[in-house]
Amino acid sequence: MENLHIDLSKALSFFPANAIDELRQPIAEAHQALEQGTCKGNDFIGWLHWPTSLTPEFLHDIEQTAHNLRALCDVIVVAGIGGSYLGAKAVVDALSNSFGWLQTENGQPVILFAGNNISEDYLFELQSFLRTKRFGIINISKSGTTTETALAFRLLRSQCEAQRGLDEARRVIVAVTDAKKGAARTMATKEGYKSYVIPDNIGGRFSVLTAVGLLPIACAGFNIVKLVEGAAAMERLCATAPFDSNPAEQYAAVRNLLYRNGKKIELLANYQPKLHSIAEWWKQLYGESEGKDGLGLFPASVDLTTDLHSMGQYIQEGERTLFETVVSIGKPAHEVYFPTDEENLDGLNFLAGKHVDEVNKMAELGTRIAHIDGGVPNLLISLPELTEYYVGQLLYFFELGCGLSGGVLGVNPFNQPGVEAYKKNMFALLGKPGYEAETAAIRQRLGL
């Protein structure tokens, strides 16, 4: 099997020869610190060798649970927020038929996501949609008390029990939560739900290859064995390969080199709309891992060529504080040819007979050349195909690259202290017991 490939040449061309060499030692030290467990946040590095530790028995159990849910449900709602849903959605969207959710006759359950917002309209419309559906729930929450997810689960659980009865509801509700403690664990034990454990040493944004991601992905009908095989192959490669053939080390190094030289924004670009949710997952992975202590690249994304008609002008000629990382897919899954038109009013007959993907690839190459000429350093990450195996490689590549990059940056890539600030204010404004002092302070600040 081929491997994911990274091309740094159009980023390093902006620097003197051998500029990347200044990062070789810091990258080696960051990798060693991960392997030896001496890095900052070392109690959350269980993801590092997770793919190669997964057993056939564990994967079979996930597949069996997914099989049971698929047999009993027309719709499966995944309740979770942040890392508890982004990874699963990224893989499902990348591998799904773009219009599969409309094709109810294909026998596949529809996978929906909830618990990632507090929109009253969204929840009302979701519940309305589910009133005539046989639906099940995968509740993903370490604590069971995260506001967005707990609210959605309360509503969905009550509706599921009302529509299907208590006994059948217990068969179609699965909990992915802490091994021993928390509200979600307590309820799962009390109600007898099938459950899976979120490992204590793997944070949410690194959890896509645990049951957090694997169960929803299997419910969507995809091959989680191949996904894990791809991730494990990338794990083995990056654990032993020297810097010059180690894609994760190279990626971490060049993005730190660019950051040190005034590039503050990384744009993750794709030319395949199925990768949109991969970019959303990537933004959390890197934004939450590196954005602290007044440091870190700002992760943003564009879907091309679509966004060339909205963001293209800024990328080409705006402030030169960004660089671009392009994820390119080698071979499409289907063939469509550019048609001939007798009148040729649009002037596009010169493309007649070409694969649409050939046109897309030339748009990709032409855009990269234009952006490079416009002063935007460019990295290229190439996947041979968009399959479970290569998506697995991409996931692990980004995870390891993130751990290494954060280590070189000098932050703890595995905590997220800033996330709690909004929760504290929200609870105070809502009058949650125990937040009286904060409520008074905020009311005074707002002049209430």
Side-chain angles (χ1 to χ4, degrees), residues 58 60-82 84-85 88-89 92 100-101 104 106-198 207 210-222 224:
F58 174 77
H60 177 73
D61 187 78
I62 292 274
E63 290 174 324
Q64 189 59 54
T65 300
H67 174 79
N68 294 340
L69 286 173
R70 285 163 58 83
L72 293 169
C73 300
D74 305 315
V75 179
I76 299 169
V77 185
V78 180
I81 195 167
S84 294
Y85 92 99
K89 183 168 173 55
V92 171
W101 64 282
T104 54
N106 64 8
Q108 297 277 13
V110 175
I111 309 297
L112 298 179
F113 295 87
N116 49 55
N117 61 62
I118 319 177
S119 166
E120 191 161 359
D121 287 344
Y122 183 91
L123 290 167
F124 178 86
E125 290 161 8
L126 174 63
Q127 289 196 283
S128 297
F129 172 76
L130 294 173
R131 281 188 192 123
T132 59
K133 306 293 188 297
R134 298 183 311 151
F135 76 92
I137 310 164
I138 302 173
N139 187 42
I140 304 174
S141 178
K142 184 79 169 172
S143 65
T145 58
T146 302
T147 305
E148 295 88 342
T149 304
L151 168 61
F153 183 62
R154 273 196 184 196
L155 292 169
L156 293 171
R157 175 193 172 211
S158 176
Q159 183 174 355
C160 185
E161 290 175 347
Q163 289 180 202
R164 308 194 70 160
L166 285 174
D167 289 340
E168 190 170 339
R170 290 186 179 109
R171 296 175 61 199
V172 295
I173 297 176
V174 179
V176 185
T177 186
D178 190 86
K180 298 178 181 177
K181 62 184 185 297
R185 169 51 60 193
T186 299
M187 179 171 289
T189 301
K190 174 176 172 288
E191 298 294 333
Y193 299 149
K194 173 71 175 179
S195 67
Y196 292 95
V197 171
I198 302 174
S207 68
T210 71
V212 168
L214 294 179
L215 180 58
I217 293 164
C219 285
F222 298 113
I224 60 172

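Along the sequence shown, the residues carry numbers beginning at 1.
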Return the orientation label for the F113 and Y85 ring planes: parallel under 30°, perpendicular over 60°, tilted otherwise.
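Tilted, since the angle between the ring planes falls between 30° and 60°.
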
My understanding is that only residues two or more places apart in sequence, or in another chain, count here; which of them pass side chain to side chain donor-acceptor pair (under 3.5 Å) with S143?
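Partners of S143 by the side chain to side chain donor-acceptor pair (under 3.5 Å) criterion, ordered by chain and then number, come out as T145.
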
In chain order, what residues pass the side chain to side chain donor-acceptor pair (under 3.5 Å) check against D178, with sequence neighbours excluded?
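Listed in chain order: K142, K181.
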
Under 3.5 Å donor-acceptor pairs involving side-chain atoms of residues 61-72, not counting sequence neighbours:
{"residue": "D61", "atom": "OD1", "partner": "K194", "partner atom": "NZ", "Å": "3.3"}
{"residue": "D61", "atom": "OD2", "partner": "K194", "partner atom": "NZ", "Å": "3.2"}
{"residue": "D61", "atom": "OD2", "partner": "Y196", "partner atom": "OH", "Å": "2.6"}
{"residue": "Q64", "atom": "NE2", "partner": "N68", "partner atom": "OD1", "Å": "3.3"}
{"residue": "T65", "atom": "OG1", "partner": "D61", "partner atom": "O", "Å": "3.2"}
{"residue": "T65", "atom": "OG1", "partner": "Y196", "partner atom": "OH", "Å": "2.5"}
{"residue": "N68", "atom": "ND2", "partner": "Q64", "partner atom": "O", "Å": "3.4"}
{"residue": "R70", "atom": "NH1", "partner": "Q108", "partner atom": "OE1", "Å": "2.6"}
{"residue": "R70", "atom": "NH1", "partner": "C219", "partner atom": "O", "Å": "2.9"}
{"residue": "R70", "atom": "NH2", "partner": "Q108", "partner atom": "OE1", "Å": "2.8"}

Do [X] and [Y] come close enough that some side-chain heavy atom pair is under 4.5 Å?
{"X": "L126", "Y": "L156", "value": "yes"}
{"X": "V174", "Y": "S195", "value": "no"}
{"X": "P216", "Y": "I140", "value": "yes"}
{"X": "L112", "Y": "I76", "value": "no"}
{"X": "I137", "Y": "V172", "value": "no"}
{"X": "R164", "Y": "C73", "value": "yes"}
{"X": "V176", "Y": "V197", "value": "no"}
{"X": "N139", "Y": "V78", "value": "no"}

Between K133 and D74, is the closest basic N to carboxylate O distance under 4.0 Å?
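Judged by the 4.0 Å cut-off on N to carboxylate O distance, D74 and K133 do not form a salt bridge.
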
May I ask you to say whether E191 pairs ionically with R157, meaning some side-chain N is under 4.0 Å from a carboxylate O?
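Between R157 and E191 there is a salt bridge, with a charged N closer than 4.0 Å to a carboxylate O.
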
Can you list the steps and then say if L151 with L123 is a side chain to side chain contact (heavy atoms under 4.5 Å, CB included)?
CA-CA 9 Å; L151 168 61; L123 290 167; 3.8 Å; yes

If you count heavy atoms of other groups shown closer than 6.0 angstrom to CZ of R134, is the number above 12?
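Correct, the count exceeds 12.
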
Is the CZ atom of F124 crowded by more than 12 outside heavy atoms at less than 6.0 Å?
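No.
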
Counting N and O atoms only, with roles assigned by atom type, does the side chain of T189 sit under 3.5 Å from a partner on the main chain of R185, one being a donor and the other an acceptor?
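A pair under 3.5 Å: yes.
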
